[in-house]
Amino acid sequence: MQHVSLRWAIPCLIVVISSLYLYFTFREPILGEQLPLNDTKEMAFLSTAISAIERVEITDKAKAKLGLELFLEPRLSSNGEVSCESCHHIFSNGAETIPASIGVNGEGKRNSPTVFNISLNSRFFWDGRAASLEQQIDGPIHHPLEMDSNWPDIVQFLRQSEYYQTRFSKAYSGNISEESIKHALVTFMNTLVTPDAPFDRYLKGDSNAISQVAQHGWQKFQQLGCVYCHQGQNIGGNLFQKFGNITALETQFGSLANADLGRFEITGDENDRHVFRVPSLRNVAITAPYFHDGKTATLEEAIIVMARVQLGQELSPMTVVEISAFLNALTAPKPAVLEELIQ
């Protein structure tokens, strides 16, 4: 009997080891597990925990209110018709509903992302060329397809305005300069946070704040690896990633898909070809159209595209529904400070 047991023990052990190997190799990942990352230079760090957005208090109402007025002021542009708000509708979704905004000299190249929660980003613009909100302001001011202006002209206009003389006198002791203008705008933009999304309440312990479908979507969001790029408090906004990481973009979008070279246009580094800043997913359900070119009309289509070109996966219809439900749970009320500042 001992010989019989030994004769079968080795094959059985091989079967067990093989089964364990297949299980750990091909099993569906569990919630919260760290999945293998693609080997890109911008993905050197593992996922940062997603946390709820907290309310902000206005520390200097005079500066923030002036920043709001400057944000709404079209006369900062060369033709007096284009303001920051022209492309970032702060009384709706902080973004725009068309693929690319229309500026002083025509249609822009890229989609305008929302300015809600912009202070939570560490990089700005689709190509990440600005590292601060102050630097970001220079972009639309100088771009010929946006405001087509310059700081000397803006400062001169504001200094000649009795209204703005009074406003700057109250907020900045009468100092009207590029620095004080930027400071007022940044002070205002720092207030544009959107707390109290259902998912924020869920993160704080309210298990009933989002539906079961949305909870399954949150699990799938982690299991598929979406969380490795869309992470942090803003669920994105602080990493770069190649768009078309697994599947070539022309397969999805046609021959013109690669016309925008992304971050490569800034750095000239071949590794940055078609690399873009990972956008925040906060309020994503109300900020269509999607991606840098604004050519993807619906959230569900965007989910399918991302899974296909970034993960190399074809999602089931149910998974798309679940992830969509989760992303809808990221929609929060408009910044409450707006009502306070416009009074």
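The chain is numbered in sequence order, starting from 1.
- Put simply, the side chain of Ile181 reaches to within 4.5 Å of the side chain of Ile154, judged on heavy atoms.
- In this structure a side-chain-to-backbone donor-acceptor pair under 3.5 Å is present from Ser180 to Asn175.
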Are Ile137 and Met189 close enough, and set up right, to give a side chain to side chain contact (heavy atoms under 4.5 Å, CB included), and what steps lead you there? CA-CA 11 Å; Ile137 293 170; Met189 288 189 283; 4.0 Å; yes
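- Between Tyr172 and His183, the ring-plane angle classifies as perpendicular under the 30° and 60° cut-offs.
- A donor-acceptor contact closer than 3.5 angstrom links the side chains of Tyr163 and Glu69.
- Minimum interatomic distance between Ser51 and Arg282 (heavy atoms only, all atoms of both residues): O-NH2, 3.1 Å.
- Under a 3.5 Å cut-off, the side chain of Asn238 and the backbone N or O of Asn121 do not form any donor-acceptor pair.
- Side-chain atoms of Thr187 do not come within 3.5 Å of backbone N or O of Lys63 as any donor-acceptor pair.
- With values rounded to the nearest 0.5 angstrom, Cys229 atom SG is found 13.0 Å from Arg277 atom CZ.
- By the rule that hydrophobic residues join a cluster once side-chain heavy atoms approach within less than 4.5 Å of another member, Ile210 and Val284 end up as members of one cluster.
- In this structure, CD in Gln215 is found 4.0 Å from OH in Tyr202, a value given to the nearest 0.5 Å.
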Verify side-chain hydrogen bond (donor to acceptor under 3.5 Å, both in side chains) between Glu300 and Ser324, making sure each step is shown before the conclusion. CA-CA 6 Å; Glu300 289 72 24; Ser324 177; 2.7 Å; yes
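- In this structure the side chain of Phe264 never reaches within 4.5 angstrom of the side chain of Asn271, judged on heavy atoms.
- Side chain of Gln135 to main chain of Ala131: a donor-acceptor pair is present (N/O by atom type, distance under 3.5 Å, no hydrogens or angles).
- Without hydrogens or angle criteria, Ser169 side chain to Gly174 main chain gives no donor-acceptor distance under 3.5 Å.
- In this structure, CD in Gln156 is found 12.5 Å from OG in Ser161, a value given to the nearest 0.5 Å.
- Looking at Leu261 and Val275, their side chains never come closer than 4.5 Å, going by heavy atoms from C-beta outward.
- At least one donor-acceptor pair closer than 3.5 Å links the side chain of Ser149 to the backbone N or O of Leu76.
- In this structure, CD on Glu85 lies 6.0 Å from CG on Leu72, to the nearest 0.5 angstrom.
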Does Thr114 form a side chain to side chain contact (heavy atoms under 4.5 Å, CB included) with Asn93? I'd like the steps, not just the answer. CA-CA 7 Å; Thr114 181; Asn93 62 2; 5.6 Å; no
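- Between the CG atom of Asn234 and the OG atom of Ser119 there is a distance of 8.0 Å, given to the nearest 0.5 Å.
- Crowding of Glu270 atom CD: a count of heavy atoms from other residues, nucleotides or ligands under 6.0 Å exceeding 12.
- Note on Leu66 and Ile90: same hydrophobic cluster, where clusters join Ile, Leu, Val, Met, Phe, Trp and Tyr whose side-chain heavy atoms are under 4.5 Å apart, directly or indirectly.
- Placement of Val82 and Leu145 in two distinct hydrophobic clusters is found when ILVMFWY residues are connected by side-chain heavy-atom separations under 4.5 Å, directly or transitively.
- Counting heavy atoms from C-beta outward, Pro335 and Thr194 have side chains that approach closer than 4.5 Å.
- Within the cation-pi definition used here (under 6.0 Å to the ring centroid, within 45° of the axis), Arg263 qualifies as a partner of Phe240.
- Side-chain contact check for Phe276 versus Asp127: every heavy-atom pair is 4.5 Å or farther apart.
- In this structure, the ring of Phe199 has its center less than 6.0 angstrom from the ring center of Phe326.
- Using a distance-only test at 3.5 Å, with no hydrogens or angles considered, no donor-acceptor pair links the side chain of Gln223 to the main chain of Trp218.
- In terms of heavy-atom proximity, Val155 sits nearest to Ser177 at CG2-C, 4.0 Å.
- A salt bridge is absent between Arg273 and Glu265; no separation between the charged side-chain nitrogens and carboxylate oxygens falls under 4.0 Å.
- Of the possible polar contacts, one joining the Ser86 side chain to the Ser83 backbone as a donor-acceptor pair under 3.5 Å is found.
- Chaining together hydrophobic side chains whose heavy atoms lie under 4.5 Å apart leaves Ile266 on its own.
- Paired with Ser101 under the rule side chain to side chain donor-acceptor pair (under 3.5 Å), one option of Glu96, Arg110, Glu107 passes, and it is Glu96.
- In the displayed structure, Lys109 atom NZ is contacted under 6.0 Å by more than 12 heavy atoms of other residues, nucleotides or ligands.
- One hydrophobic cluster, built from ILVMFWY side chains closer than 4.5 Å, holds both Val115 and Ile58.
- Pro113 and Ala95 make their closest contact through C-CB, 4.0 Å (heavy atoms, listed as atom of the first residue, atom of the second, distance).
- In this structure, the side chains of Leu203 and Ile50 come closer than 4.5 Å at one or more pairs of heavy atoms.
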Derivation and outcome, side chain to side chain contact (heavy atoms under 4.5 Å, CB included), residues Ser112 and His88: CA-CA 7 Å; Ser112 295; His88 302 284; 3.9 Å; yes
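- Using bins of under 30°, 30° to 60° and over 60° for the plane-to-plane angle, the ring pair Phe243/Phe291 lands in the tilted bin.
- Under the 4.5 Å side-chain contact rule for hydrophobic residues, Val213 and Leu224 do not share a cluster.
- Geometrically, Arg167 does not engage Tyr164 in a cation-pi contact defined by less than 6.0 Å to the ring centre and at most 45° from the axis.
- Put simply, CZ on Arg123 and OG on Ser132 are 9.5 Å apart, with the number rounded to the nearest 0.5 Å.
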Report the C-alpha distance between Lys182 and Asp138 in whole Å, list the side-chain angles of each, state the deciding distance to 0.1 Å, and finish with yes or no for side chain to side chain contact (heavy atoms under 4.5 Å, CB included). CA-CA 9 Å; Lys182 284 184 175 180; Asp138 286 324; 3.0 Å; yes
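- For the residue pair Pro140 and Glu146, the shortest heavy atom distance occurs at CB-OE1, 3.1 Å.
- Contact between Tyr290 and Ala297 at its shortest, heavy atoms only, is CE1-O, 4.2 Å.
- Considering all non-hydrogen atoms of both residues, Ala100 and Gly108 come closest at CB-O, 3.4 Å.
- Using bins of under 30°, 30° to 60° and over 60° for the plane-to-plane angle, the ring pair His142/Trp151 lands in the perpendicular bin.
- The side-chain heavy atoms of Lys65 and Phe188, taken from C-beta on, include no pair separated by under 4.5 Å.
- Side-chain atoms of Lys220 never come within 3.5 Å of backbone atoms of Ile323 as a donor-acceptor pair (strictly under, hydrogens ignored).
- Looking at heavy atoms from C-beta onward, Arg308 lies in side-chain contact with Glu314 at the 4.5 angstrom threshold.
- Under the 4.5 angstrom side-chain criterion for Ile, Leu, Val, Met, Phe, Trp and Tyr, the cluster partners of Val56 are Ile53, Leu120, Val193.
- Formation of a donor-acceptor pair under 3.5 Å by the His230 side chain with backbone atoms of Val278 is not found in this model.
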